[in-house]
There are 2 protein chains.
Amino acid sequence: MRVSLKDVAAHAGVSIKTVSNVVNNYQHVTPAMRERVQRSIDALGYQPNLAARHLRKGRTGIIALALPELGNPYFAELTASVIDAASQHDYIVLLDHTGGSRDQELLVSQGFRARVIDGLILSPIELRTEDLRDRDQDVPLVLLGERDYDLPYDHIAIDNVAAARDAVRHLVALGRREVAFIGARRDRSEPAQLRVRGWREELTAAGLPADEGLVAAVDGWGHADGARAMRHILDSGRRPDAVFAYNDPMAIGAMRVLHERGLRVPEDIAVVGFDDVIEGRFGAVTLTSVSPDKAAIGRLAVESVLARLGNDAPEPRRIWADYQLVERESTLGRPGAA
Amino acid sequence: MRVSLKDVAAHAGVSIKTVSNVVNNYQHVTPAMRERVQRSIDALGYQPNLAARHLRKGRTGIIALALPELGNPYFAELTASVIDAASQHDYIVLLDHTGGSRDQELLVSQGFRARVIDGLILSPIELRTEDLRDRDQDVPLVLLGERDYDLPYDHIAIDNVAAARDAVRHLVALGRREVAFIGARRDRSEPAQLRVRGWREELTAAGLPADEGLVAAVDGWGHADGARAMRHILDSGRRPDAVFAYNDPMAIGAMRVLHERGLRVPEDIAVVGFDDVIEGRFGAVTLTSVSPDKAAIGRLAVESVLARLGNDAPEPRRIWADYQLVERESTLGRPGAA
DNA sequence: CTGAAAGCGCTTACAG
DNA sequence: CTGAAAGCGCTTACAG
């Protein structure tokens, strides 16, 4: 049998309340009493039953993190930072993955998947504004990634348009004139749209054509999709002198294709990715990439969701995280190399 | 206010028990009654309180998965497969990460981190046999990764020694004679020891010296550690003609160093990794790797832990998952290339 | 500073 | 086939 508060109380010869006081570290317990109770707790090996505590308090101590894809190392790194931030507040993290499908994202946002949670951090890819309008849930929701609409939820993001512009500006500054974009979507994924917009705005600002023939759409978000998109562009007879990819896995997939075709990076084609995943730092050609402050994003997400648990929850707002463009060999070339 | 069973019962004009029967899909409820109750459930938007249900039933519907590192894509892919398998059984997954430290692994195994769980899947790196001997917990534990000892827990693993031997045999069959091993440990990590053992056994079986001067120890498990180990070997004046790495990130880190030093893979040095992560398929040189059946491992882990929840739990046992050696450019060279 | 009691929202024998 | 009641193990006002 499991040891309960009652057992400890009987063993120590005190009331349940007193044991509870000791367990919860309430003040106003005499040291002598505290020690006597603690001895019984140790003797019986008592561990509190969290289900009971949660039922009583209405809190579970769990927040859910719902991600589109665990395979993408960006999300793995983000998850680590969320877990760390949560544990600072004695919270644990339930992980769910949506596969980036709108249906699954909807289910998660409505609370139909993880249900024993105090709060939810959701990183949607395909979810639309209207999908969240009639969310009928009292569980606090915090969105990861930039949203371009007004909804009563916090969203933590870096400025995608500005970051994309920085990436393109870097390429233009290096003398590149035909910059392709890999990773547009046929569906209306917001993050992809924002990065395409940054690409377009910056080219236009530089007086260069934003050639839609150099925008390659993809179906997934991985290496293989980037490779396919790169092949598509080259097979169409185009030969851009730079590629800006939606994320690092796609950029790396594209670089593999360039390698197979005998094109040199960056001499023939410069490449910039997004997310700055570890893998980009160890290829034969290291990858220039937009590097979001993942630790900050994880921390801000946890703090935002926990802040909504109280009664005096702040107004929902957009919270910007930092980013920087990390320049590496895929645009600068190999230092010291010919 | 939250809608409870009682509210639904009042609304429908029936007893709580009847509502519960409907919610839980018990038989022996007349269709008419079922519909009437369902209408009230819909009208009020009732959602069961899981904390209460769990308190009553003694189950939480949550299993914890504790991993050393999320950054390693192998674990990310494994996590996805555990989540999928769990959701098949209506279970959700709590994620914890230990950083691969023995202390954290101990805390997790003793139930001091995630505590609202029905079962625990733990992938230890540094945990010792004796650490688990006096585990005083009724929460079922299943270990991931091969263990070389007898403990009353299931462990799911591929045969590390055999897999390492396959990798080395492949290299030897290609004519390589000086095979380095990257990723030994100063501490006594079991998985690393098993793979070193496979390396040693196979070389010996092939009549080649298992030269301990070609074994490089590391402190971490990532790209940078592999790079450091590779540099260490080369700087010591050794020039092996093959490298077998503990895992893919280390292999890729090592390849980066070989590239920097102007050594060609596989012409000068062939490389084999372990885990077959996606990243290995898209480098400038694709990576030959031992590929464990991750989907099977996730599924077996979930099934094992859930099987222990009942009263007639099976005997603890070692469960083998499949693997295969996937041969790519890092040993075979580029098909069609000079 | 400590105790007795109510109640969180369910499920489960037990009646009927 | 449905209802009334007990109880899972806590915490929290409320007394004293």
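Nothing here was measured: the structure is a model prediction, and the numbers come from that model. Here is the naming used below: chain letters follow the sequence lines, and residue numbers restart at 1 for every chain.
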Exercise for the section: Indicate whether any N or O donor in one side chain lies under 3.5 Å from an N or O acceptor in the other, for A:Q38 and A:D42. Expected result: yes
Exercise for the section: Answer yes or no: does a side-chain N or O of B:S15 lie under 4.0 Å from OP1 or OP2 of D:dA5? Expected result: no
Practice task
Could you point out which residue of A:L144, A:L65, A:D275, A:N72 forms a side-chain contact (heavy atoms from CB on, under 4.5 Å) with A:L78?
Solution key: A:L144
Exercise for the section: Could you tell me the separation between the CG atom of B:L151 and the CZ atom of B:R318, rounded to the nearest 0.5 Å? Expected result: 10.5 Å
Exercise for the section: Would you check, one step at a time, whether the test side-chain contact (heavy atoms from CB on, under 4.5 Å) holds for B:E105 with B:E126? Expected result: CA-CA 8 Å; B:E105 289 175 354; B:E126 299 204 335; 3.9 Å; yes
Handout entry: Nucleotide pairing, DNA chain D (Watson-Crick or G-U, distances under 3.5 Å), in dot-bracket with [ ] and |
Key = |||.||||||||.|||
Handout entry: Per-nucleotide protein contact string for nucleotides 11-16 of chain C (B base, S sugar-phosphate only, - none; heavy atom under 4.0 Å)
Key = BBB---
Practice task
Answer yes or no: does a side-chain N or O of A:T18 lie under 4.0 Å from OP1 or OP2 of C:dG3?
Solution key: yes
Handout entry: Salt-bridge present (B:R102, B:D131; N to O < 4.0 Å)
Key = yes
Practice task
Would you indicate whether the side-chain heavy atoms of B:E303 and B:H89 approach each other to under 4.5 Å?
Solution key: yes
Handout entry: Nucleotide C:dA4, atom P - distance to NZ of A:K6 in whole Å
Key = 13 Å
Handout entry: Derivation and outcome, side-chain contact (heavy atoms from CB on, under 4.5 Å), residues B:L5 and B:Y46
Key = CA-CA 8 Å; B:L5 267 193; B:Y46 169 73; 3.5 Å; yes
Exercise for the section: Please check if the side chain of B:T98 supplies one atom and the backbone of B:L67 the other of a donor-acceptor pair under 3.5 Å. Expected result: yes
Handout entry: Whole angstrom value for the distance that separates P of D:dC8 from CG of A:D7
Key = 10 Å
Practice task
Nearest whole angstrom, please: distance from the C1' of D:dG9 to the CZ of A:R59.
Solution key: 20 Å
Handout entry: Atom pair distance, as rounded to whole Å: CE in B:M33 and P in D:dC1
Key = 11 Å
Practice task
Considering just the side-chain nitrogens and oxygens of B:S4, establish if one lies under 4.0 Å of OP1 or OP2 belonging to C:dG9.
Solution key: no
Problem - Presence of salt bridge, A:R308 and A:D154, under 4.0 angstrom - result: yes
Handout entry: Closest-nucleotide ordering on DNA chain C, the 5'-leading residue of A:T30 and B:N49
Key = A:T30
